[in-house]
Structures are given as structure tokens and as C-alpha cells.
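Everything quoted here is computed from the prediction, not taken from an experiment. Just so we're on the same page: letters track the sequence lines, and every chain starts at 1.
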2 protein chains.
Amino acid sequence: MPASAQIPRNKSARRTEIRRENERLILDAAERVFAEAGFGGATMQLIADLAGLPKANLHYYFPTKEALYRRVVRNIFEIWLDAASTFDGAEDPATGIGGYIDAKMEISRRHPHGSKVWAAEVMQGAPVIQDYLETTLKDWTDGRIRVIQGWIDQGRMAPVNPRHLLYMLWATTQHYADFGHQIETLNHGAPLTERQWAEAKASVKAIILRGIGAA
Amino acid sequence: MPASAQIPRNKSARRTEIRRENERLILDAAERVFAEAGFGGATMQLIADLAGLPKANLHYYFPTKEALYRRVVRNIFEIWLDAASTFDGAEDPATGIGGYIDAKMEISRRHPHGSKVWAAEVMQGAPVIQDYLETTLKDWTDGRIRVIQGWIDQGRMAPVNPRHLLYMLWATTQHYADFGHQIETLNHGAPLTERQWAEAKASVKAIILRGIGAA
DNA sequence: TCGTTTTCTGACCGTATGGTCAAGTCACAG
DNA sequence: CTGTGACTTGACCATACGGTCAGAAAACGA
């Protein structure tokens with residue numbers, strides 16, 4: 001049993017690995033470039049350089065610039081939807097909404113590029129993900145509105161408009177990603193520290209939870 | 001005194017008029033195209049078509065695409081700063097912050113394109129207006145934080161972090177412009193009605209003012 | 001080792017875009 | 001009416017970009 005042999009568990013494990021690794025490199029680079037330059041301002045050459053691959057290689061894995069962009073947007077949308085689960089298990093608004101704020105703030109912190117790509121896509125009229133807005137997002141929103149309305153009916157929180165509450169949650173949490181550069185500039189040009197992120201989360205939760213009478 | 005004479009108050013009033021009118025046409029078209037396609041995706045040809053002028057004429061009034069873009073961004077920044085005045089005259093937080101919310105919501109409604117251009121610019125790291133962030137915006141922010149801190153010290157509102165309160169105000173109000181398309185999609189594809197805008201404003205004010213203990 | 005399939009890549013192409021220019025047209029002062 | 005200078009515009013140019021392709025290299029199964 002020679003130790004030199006590469007352990008190909010199943011057939012062509014190495015090739016699968018290569019493919020996965022390169023797609024990862026390309027998607028990471030693309031997310032960043034799309035975020036920093038927008039779809040129109042991004043160039044395949046720049047993405048290729050950042051990924052450390054020749055441009056032609058990008059077109060081997062992703063046929064067109066738009067296909068690559070689609071994948072980037074879909075990825076962030078899925079991350080975004082995952083955070084939604086926080087909402088579901090909760091019994092009371094303080095836990096459910098507080099947890100949702102924490103989860104979305106964490107996404108803003110961990111995936112600032114993806115967040116910006118999503119924002120830019122929506123701002124430009126969602127040419128690529130309009131169907132997601134009309135189906136998945138709409139269903140999710142309607143469901144969450146029902147949950148909030150339930151809390152209101154049970155007297156667990158003030159009778160606010162659930163839809164606008166949701167918009168406020170989205171706006172406030174995403175702001176820390178999308179306008180991160182502005183926040184950084186107003187923070188003497190330095191990124192928020194661990195402590196400052198905690199302060200931000202606490203502030204947002206404090207104002208909103210008290211604002212809906214669930215503090 | 002022949003009535004036919006064009007009343008040129010000062011010299012070459014007609015030419016001044018032509019220039020002003022054309023710059024207006026170009027800036028309006030540019031604001032919209034930059035908002036819908038981003039700086040990189042916008043083309044001078046598209047802006048020219050929308051303005052109803054030949055492309056070469058755009059370059060007569062604005063030497064480069066970037067110069068045109070600069071003007072668009074500066075314009076929205078000035079509108080944005082004007083709304084800030086609402087903050088100043090107020091004695092108590094309910095009036096000051098409530099008025100600021102109204103003013104910024106109104107800007108989101110009246111200038112959705114400009115708002116998006118501004119957002120995209122900041123998201124991309126503010127390559128054009130970085131100096132504004134570091135000077136004007138920073139000064140304004142510091143001043144307003146002092147005002148809010150004053151209210152807190154006087155016991156007129158809860159001791160929230162003034163900076164994060166400001167961020168929340170910006171985020172929430174701009175959301176109605178920047179994510180207007182998403183909001184419209186979730187509103188059965190229709191723009192918000194007069195009544196719905198009023199509801200939005202009222203909801204935002206209710207939650208925030210109660211959230212800071214100024215309701 | 002050998003043939004097959006997948007991955008890699010430099011060179012190339014057609015097009016679209018920002019910008020230029022020279023020859024016009026028009027406003028207007030004298 | 002005429003000269004001057006501001007405005008207009010179709011035609012043009014250089015460049016950059018998305019995308020293609022043919023052939024080399026590497027991985028793989030037998």
C-alpha cells in the first residue's frame with residue numbers, strides 16, 4: 001500500500017475537487033468585483049486576475065458574464081433566506097425579531113460583498129431575480145406578516161404595521177453592509193471593531209424592540 | 001416698444017436659457033440612467049436618447065461621462081443636506097426626528113433615482129464623493145449627534161446610541177427609494193398610493209419615536 | 001503505457017463605447 | 001445686414017470588452 005497514491009475515494013475525485021476549487025475561486029472574486037464595480041462596471045478580466053486564473057478559464061466554468069452574475073446573486077439570496085429561519089421557532093416577538101436582527105447583522109458583517117450585489121440588483125429593478133421577488137420573497141414575507149400579526153393579536157407587542165416593520169428590519173440591518181464604507185469613513189476610516197459591532201446590534205435591537213412594545 | 005422683442009433682461013438671456021434647459025434635460029436623463037444601470041452600465045448614447053439630444057451635444061455641456069456623473073451625485077447630496085435642516089430648529093426629539101423622517105421619506109418619494117445613484121456610489125466605496133463623506137457629512141453627523149446627546153442628557157428621550165440612531169434613520173428612509181422596486185413588487189406590482197406612503201411614514205415614525213422614548 | 005476525457009490558455013475577433021472633430025446652424029450685438 | 005461667437009451634429013477613431021477557438025496539458029481508466 002504505497003503512501004504516495006492519492007486517495008481517490010470515488011471515481012475522478014481529483015477532477016471534482018479541481019472543479020469545485022476553481023468555481024469557488026471564481027465566485028469569490030466575482031462577488032467582490034460585482035460588489036465594487038456593479039454588473040456593468042465589472043470586467044471578466046478583473047475577476048480573472050483576482051481569482052488568479054486566465055480569463056478564458058472563467059468562460060470554461062461559466063459560459064457568460066451574466067451566468068456568473070446569476071450564480072453570485074442566487075448564492076447571497078440563499079444565505080439571506082437561511083437567516084429567516086431564526087424567525088420561525090420563536091414564541092415571542094423579543095426572541096423572534098431580536099434573533100432575526102442578530103442573524104441579519106451577522107450576514108451584513110460576514111458577507112458585505114454579496115449584500116451589496118443584492119442591493120444593486122434590486123435597485124436596478126431586479127432584472128435577474130424578479131421571479132424570486134415575486135415567488136419566494138413574497139411567500140416568505142406574507143408568512144412573516146402573519147406571524148407578527150399573531151403576536152399583535154395576542155397582545156404581545158404594539159399594533160404596528162407588520163409589513164413596514166419588516167422593511168425597517170431589512171433596511172437597518174442591510175445598511176451596515178451596503179453603507180459599510182460610509183460607516184467606516186465616519187468611524188475615522190477604521191472598520192467596526194468587535195465591540196462596535198456588538199454596540200450596533202444592541203442599539204438596533206433596543207430601539208426596535210422598545211419601538212414595537214416588546215422590550 | 002414692439003411687443004415682438006424677446007425681453008432679454010441682461011445680455012444673451014436666450015443663450016443662458018438654452019444652456020440651462022439643456023443641462024436640465026441631460027441631468028434628468030443621466031440621473032435616471034445612472035440609477036437604472038449604474039455608472040459602468042450607463043452609456044452616453046442612452047442618456048442622449050432619453051434627453052432627446054445627439055450624443056455629441058452631451059459632450060459639449062459635460063466634457064466626460066465622469067464629469068456628468070459627478071454633477072448628478074453632487075445634486076442629490078445637496079438635496080439630501082437640505083432635508084437636514086429639519087433637524088435643527090426643533091426643541092424636542094419628537095419634532096426634530098419626526099420631521100427629519102418626514103423630510104427624508106419625501107425625498108425618497110420625489111427623488112428615487114438620485115437616491116439610488118447615491119447609494120450605488122457609496123456601496124462602491126465612494127470613489128467620487130469620498131471627500132464629501134470625510135468633511136461635510138462627518139461634520140453634519142457630529143453636530144447631530146451632539147444635538148441628540150443633548151436631548152438624552154435633558155431626559156427628553158431614552159439613552160440610545162445617537163450614532164446608530166442616525167444610521168437607522170438613514171437606512172429606513174432611504175430604503176423606500178433604493179428598494180422601491182422590491183416594495184412595489186411586494187405591493188402587487190403597484191407603486192405605493194398616497195395613502196400607503198402616509199401609512200409608511202406613520203409606521204416608521206411610530207416605531208422609532210416610541211423606540212427612543214420620545215413618543 | 002496508451003487512448004480518452006477533462007481542464008487549461010494564448011491568441012484572436014466583432015462590437016460597443018467614450019470621446020473627438022470639423023463643418024455646420026443659430027443667436028445676437030453693433 | 002454682417003461679423004462673431006455660442007451651440008449643434010453626423011461621421012469618425014481608438015480602445016476595451018465579452019466571447020471564441022484550436023491546440024496543449026493534465027487527469028483518468030484500463
Backbone N/O of A/H111 and side chain of A/S115: donor-acceptor pair under 3.5 Å: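 No.
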
Is the backbone of B/R32 close enough, under 3.5 Å, to the side chain of B/H113 for a donor and an acceptor to pair up by distance?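 No, the answer is negative, given that no donor and acceptor are paired below the 3.5 Å cut-off.
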
With the side chain counted from C-beta on, respond yes when A/I129 and A/W118 share a heavy-atom pair under 4.5 Å apart, and no when they do not.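 Yes, side chains in contact.
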
Taking the side chain as C-beta and beyond, is there a heavy-atom pair between B/L169 and B/L165 under 4.5 Å?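 SC-SC contact between B/L169 and B/L165 confirmed.
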
Please classify the nucleic acid contact of B/L53 as base, sugar-phosphate, or nothing, using heavy-atom distances under 4.0 Å.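 Since no nucleic acid heavy atom lies under 4.0 Å of B/L53, the category is nothing.
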
Need one value for A/F62: base, sugar-phosphate or nothing, where a base atom within 4.0 Å counts as base even if backbone is also close, heavy atoms only.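 No contact at all - A/F62 keeps every heavy atom at 4.0 Å or more from the nucleic acid.
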
Can you confirm if the aromatic rings of A/W140 and A/Y100 lie within a centre distance of less than 6.0 Å?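 A/Y100 vs A/W140: aromatic centres under 6.0 Å.
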
Reading nucleotides 12-17 of chain D from the 5' end, what letters show protein touch, with B for base, S for backbone sugar-phosphate only, - for no heavy atom under 4.0 Å? -----S

Counting only side-chain N and O atoms of [X], is one of them less than 4.0 Å from OP1 or OP2 of [N]?
X     : N      : value
A/N57 : C/dG10 : no
B/R19 : D/dC7  : yes
B/Y61 : D/dC7  : no
A/Y60 : C/dC8  : no

Spacing between [X] atom [atom1] and [N] atom [atom2], to the nearest angstrom:
X     : N      : atom1 : atom2 : answer
A/E17 : C/dT6  : CD    : C1'   : 15 Å
B/R20 : D/dC7  : CZ    : P     : 14 Å
B/D49 : C/dA16 : CG    : P     : 14 Å
B/N22 : D/dA6  : CG    : C1'   : 12 Å

How close do B/K65 and B/G40 get, heavy atom to heavy atom, and via which atoms?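 B/K65 and B/G40 have their closest heavy atoms at NZ-O, 3.9 Å.
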
Do the side chains of B/E199 and A/R163 get close enough for a salt bridge, i.e. N-O under 4.0 angstrom?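 No, no charged N to carboxylate O under 4.0 Å.
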
Check this for me, if you would: do A/D49 and A/K55 make a salt bridge, where the nitrogen-to-carboxylate-oxygen distance has to be below 4.0 angstrom?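 No, this pair does not count.
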
In Å, rounded to the nearest 0.5 Å, how long is the span from CZ of A/R71 to CD1 of A/I26?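 The CD1 atom of A/I26 is 10.0 Å from CZ of A/R71, to the nearest 0.5 Å.
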
Under 4.0 Å, heavy atom to any atom of DNA chain C: which of residues 23-31 of chain B qualify?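 None, since no heavy atom is under 4.0 Å.
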
5'-most by nearest nucleotide on DNA chain C - B/A56 or B/I18: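 Looking at the nearest nucleotide for each, B/A56 comes out on the 5' side.
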
Can you tell which of D/dT20, C/dT9, C/dG18 lies closest to the side chain of A/H59?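 Of D/dT20, C/dT9, C/dG18, D/dT20 is nearest to the side chain of A/H59.
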
